[in-house]
Amino acid sequence: MSKQEVILCESLETSLGRAIELCPHDKLFVLTDEHTQRLCLPSLKESGLLKDAVEICIGAEDVHKTLETLASVWMALSTQGATRHSLLINLGGGMVTDLGGFAAATFKRGISYINIPTTLLAMVDASVGGKTGINFNGLKNEIGAFAPANSVLIETEFLRTLDTHNFFSGYAEMLKHGLISNTAHWAELLKFDSSSIDYAALKQLVGRSVQVKEDIVEQDPLEHGIRKALNLGHTVGHAFESMALAENRPVLHGYAVAWGIVCELYLSHLKVGFPKEKMRQTIQFIKENYGVFTFDCKKYDQLYAFMTHDKKNTSGTINFTLLKDIGDICINQTADKDTIFEMLDFYRECMGI
Ligand SMILES: NC(=O)c1ccc[n+]([C@@H]2O[C@H](COP(=O)([O-])OP(=O)(O)OC[C@H]3O[C@@H](n4cnc5c(N)ncnc54)[C@H](O)[C@@H]3O)[C@@H](O)[C@H]2O)c1
Ligand SMILES: O=C(O)C(=O)C[C@@H](O)[C@H](O)[C@H](O)COP(=O)(O)O
Ligand SMILES: [Zn+2]
């Protein structure tokens with residue numbers, strides 16, 4: 001898989017002009033969602049680089065990361081003259097870069113695309129590394145492909161319009177990157193002052209966080225091994241997210257991951273000795289900033305069933321990525337049903353539900 005270019009932009013206009021030049025094309029398309037069309041596209045159009053672009057706009061949020069929305073993007077490309085030599089620019093959060101990336105990967109068996117992430121989560125995680133796809137059959141990212149963008153252009157100025165909930169959603173993936181990298185990065189993340197954001201400092205943090213992901217993806221682009229580190233918190237987090245979708249109370253991805261990290265740090269402590277004090281500090285940060293996903297023990301079997309669909313699983317065994325310590329990653333860890341239920345008991349006890 002070709003290594004993609006990830007740029008922490010000083011000038012988005014300059015970086016975009018160069019990225020477009022690197023992708024010779026016959027027609028240009030720009031995919032936004034209904035919010036990024038209003039909030040992010042106008043500043044991009046001022047550059048003149050998109051003057052001939054065909055705009056495609058889809059509904060916002062994960063509830064639109066569906067086959068129906070994907071088909072609408074395929075239809076727009078097909079009816080508005082896209083060819084195998086056309087170029088797609090995805091301007092949005094992870095929903096847009098996941099769905100748009102998969103649309104690009106599948107239209108005429110694949111066209112080039114550029115990601116311009118506009119949420120914190122997309123900047124540090126979703127837009128990088130080539131995981132694309134949609135939710136299907138009530139399951140997160142059930143359909144998709146590994147298809148990296150040609151270029152990823154990170155412009156942190158877009159974060160100035162991002163609401164607090166979505167800021168913290170992305171921050172959860174940064175916390176995950178801190179936990180899988182080193183104690184200094186983890187400690188820095190726990191003490192960031194989110195009440196009055198220093199955007200220059202945030203840009204540096206974004207750079208460090210996306211580098212953690214880039215380094216892992218470069219070692220294992222197709223998730224045969226160490227890339228499973230990036231899935232810390234997701235075995236449980238995706239089950240929470242799928243249950244929330246099924247109960248029509250959708251939660252932001254990062255919140256599900258944060259609550260999943262509570263569970264999987266407990267499992268890490270129980271099975272591979274993750275230090276209790278670091279677990280306590282991390283859980284305290286999550287409790288203070290992420291609220292709680294509520295369910296009772298009658299839901300354990302359904303959560304367990306969701307976990308059996310996790311793409312990391314092999315031969316029917318639920319797979320977890322755990323930590324012996326910060327930065328000390330244990331992939332391909334398993335737990336029996338009783339232990340998983342004990343983990344869910346711990347979550348409910350420590351989150352007070
Ligand atoms: N492919 C990957 O490696 C990867 C990694 C992490 C998450 N994901 C996926 O990413 C999705 C979550 O991404 P997300 O959190 O970016 O959600 P999102 O794309 O739904 O964006 C969240 C909300 O923020 C709005 N928004 C976007 N940019 C904005 C801006 N600059 N200012 C104001 N509002 C803005 C959007 O319109 C939307 O309403 C999930 O589907 C998750 O599964 C994928
Ligand atoms: O890039 C990866 O690898 C990740 O696991 C990043 C995750 O934060 C992201 O949510 C990803 O979409 C989850 O992958 P999945 O294979 O569990 O769907
Ligand atoms: Zn994630």
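Read the numbers this way: they start at 1 and go in the same order the structure lists the ligands and their atoms.
Under a 4.0 Å N-O distance rule, the pair Lys203/Glu10 qualifies as a salt bridge. Between Glu223 and Lys311, none of the side-chain N atoms (NZ, or NE/NH1/NH2) sits under 4.0 Å from a carboxylate O, so this pair counts as no salt bridge. Using a 4.0 Å cut-off between a side-chain N of Lys or Arg and a carboxylate O of Asp or Glu, Asp296 and Arg348 do not qualify as a salt bridge. Salt bridge annotation for Lys140-Asp62: present, with a cationic side-chain nitrogen under 4.0 angstrom from a carboxylate oxygen. With respect to the salt-bridge test (charged N to carboxylate O, under 4.0 angstrom), the residues Glu277 and Arg280 qualify. Between Arg208 and Glu188 there is a salt bridge, since at least one side-chain N of the basic residue sits less than 4.0 Å from a carboxylate O of the acidic one.
The nearest heavy-atom contact from the protein to atom 7 (C) of ligand 1 is Leu121 CD2, 3.3 Å. Remark: minimum distance from atom 16 (O) of ligand 2 to any protein heavy atom is reached at Lys131 NZ, 2.8 Å. Closest protein heavy atom to atom 41 (O) of ligand 1: Asp62 OD1, 2.4 Å. Summary of contacts: the protein heavy atom closest to atom 33 (C) of ligand 1 is Thr161 O, 3.1 Å. Nearest protein heavy-atom contact of atom 13 (C) of ligand 2 is Asn231 ND2, 3.5 Å. Ranking protein heavy atoms by distance to atom 3 (O) of ligand 2, first place goes to Arg227 NE, 2.8 Å. Looking only at heavy atoms of the protein, atom 20 (O) of ligand 1 is closest to Glu61 CA, 3.5 Å. Protein heavy atom in closest approach to atom 23 (C) of ligand 1: Asn166 ND2, 3.6 Å. Shortest contact from atom 9 (C) of ligand 1 to any protein heavy atom: Asp98 OD2, 3.5 Å. Asp125 OD1, 3.4 Å is the protein heavy atom nearest to atom 6 (C) of ligand 2.
Remark: ligand 1 atoms within the under-4.0 Å shell around heavy atoms of Glu173 are 6 (C). Interface of Asp125 with ligand 1, defined as ligand atoms under 4.0 Å from a residue heavy atom, comprises 3 (O), 5 (C), 6 (C). Shown in contact with Lys65 at under 4.0 Å from a heavy atom are these atoms of ligand 1, numbered in order with element: 9 (C), 40 (C), 41 (O), 42 (C), 43 (O). Each of the atoms 13 (C), 15 (P), 17 (O), 18 (O) of ligand 2 lies under 4.0 Å from some heavy atom of His238. Close contacts of ligand 2 with His253, meaning ligand atoms under 4.0 Å from a residue heavy atom, involve 10 (O). Within ligand 1, the atoms closer than 4.0 Å to a non-hydrogen atom of Thr36 are 27 (C), 28 (N), numbered from 1 in the order shown. Ligand-side atoms of ligand 1 in range of Cys40: 31 (N), range being under 4.0 angstrom from any heavy atom. Taking every heavy atom of Lys213 and a limit of under 4.0 angstrom, the matching atoms of ligand 1 come to 3 (O). For ligand 2, the atoms closer than 4.0 angstrom to any heavy atom of Asn141 are 12 (O), 18 (O). Taking every heavy atom of Leu230 and a limit of under 4.0 angstrom, the matching atoms of ligand 2 come to 1 (O), 2 (C), 3 (O), 4 (C), 5 (O), 6 (C), 7 (C), 8 (O). Counting atoms of ligand 1 from 1 in the listed order, those under 4.0 Å from a heavy atom of Leu39 are 32 (N), 33 (C), 34 (N). The contact set between ligand 1 and Lys140, taken as ligand atoms under 4.0 Å from a residue heavy atom, comprises 40 (C), 41 (O), 42 (C), 43 (O).
Closest heavy-atom approach to atom 31 (N) of ligand 1 among the candidates Asn135, Thr156, Thr118: Thr118. Evaluated by nearest non-hydrogen atom to atom 14 (P) of ligand 1, the leading choice among Gly92, Gly94, Pro250 is Gly94.
Of the polar atoms of His238, none of the N or O atoms is found under 3.5 Å from an N or O of ligand 1, judged by distance alone. Looking at ligand 2, you'll find an N or O of Lys176 within less than 3.5 Å of one of its N or O atoms. For the pair His234 and ligand 2, the shortest N or O to N or O distance falls below 3.5 Å. Between Glu173 and ligand 2, at least one pair of N/O atoms sits closer than 3.5 Å. Taking distance alone, with nitrogen or oxygen atoms compared against 3.5 Å, Met95 approaches ligand 1 more closely than that limit. Close N/O approach between Ala60 and ligand 1 is not found [any backbone or side-chain N/O within under 3.5 Å].
Residue Glu241 places every heavy atom at 4.0 Å or more from ligand 1. At least one heavy atom of Lys213 sits less than 4.0 Å from an atom of ligand 2.
At distances below 3.5 Å, not a single donor-acceptor pair connects side-chain atoms of Asn150 with backbone N or O atoms of Ser112. Checked by atom type and distance alone, the side chain of Thr132 never pairs as donor or acceptor with a backbone atom of Ala147 at under 3.5 Å. A side-chain donor-acceptor contact under 3.5 Å links His25 to the backbone of Cys23.
The aromatic rings of Phe341 and Tyr304 stand perpendicular to each other, their planes meeting at an angle above 60°, with 30° marking the opposite boundary. Ring pair Tyr255/Trp259 is perpendicular by interplanar angle, where above 60° counts as perpendicular and below 30° as parallel. Ring-plane geometry between Phe346 and Tyr266 is classed as parallel, the angle between the planes falling under 30 degrees on a 0 to 90 degree scale with a further cut at 60.
In terms of heavy atoms, Leu232 sits closest to His234 at O-ND1, 3.0 Å.
With 2.8 Å as the limit, Glu173 counts as an N, O or S neighbour of the Zn ion (ligand 3).
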Query raised in the report: How far apart are the C-alpha atoms of Tyr347 and Phe240, what are their side-chain angles, what is the distance that settles it, and do they pass the ring-ring contact (aromatic ring centres under 6.0 Å, His included) test?
Result: CA-CA 12 Å; Tyr347 168 84; Phe240 286 166; 5.4 Å; yes

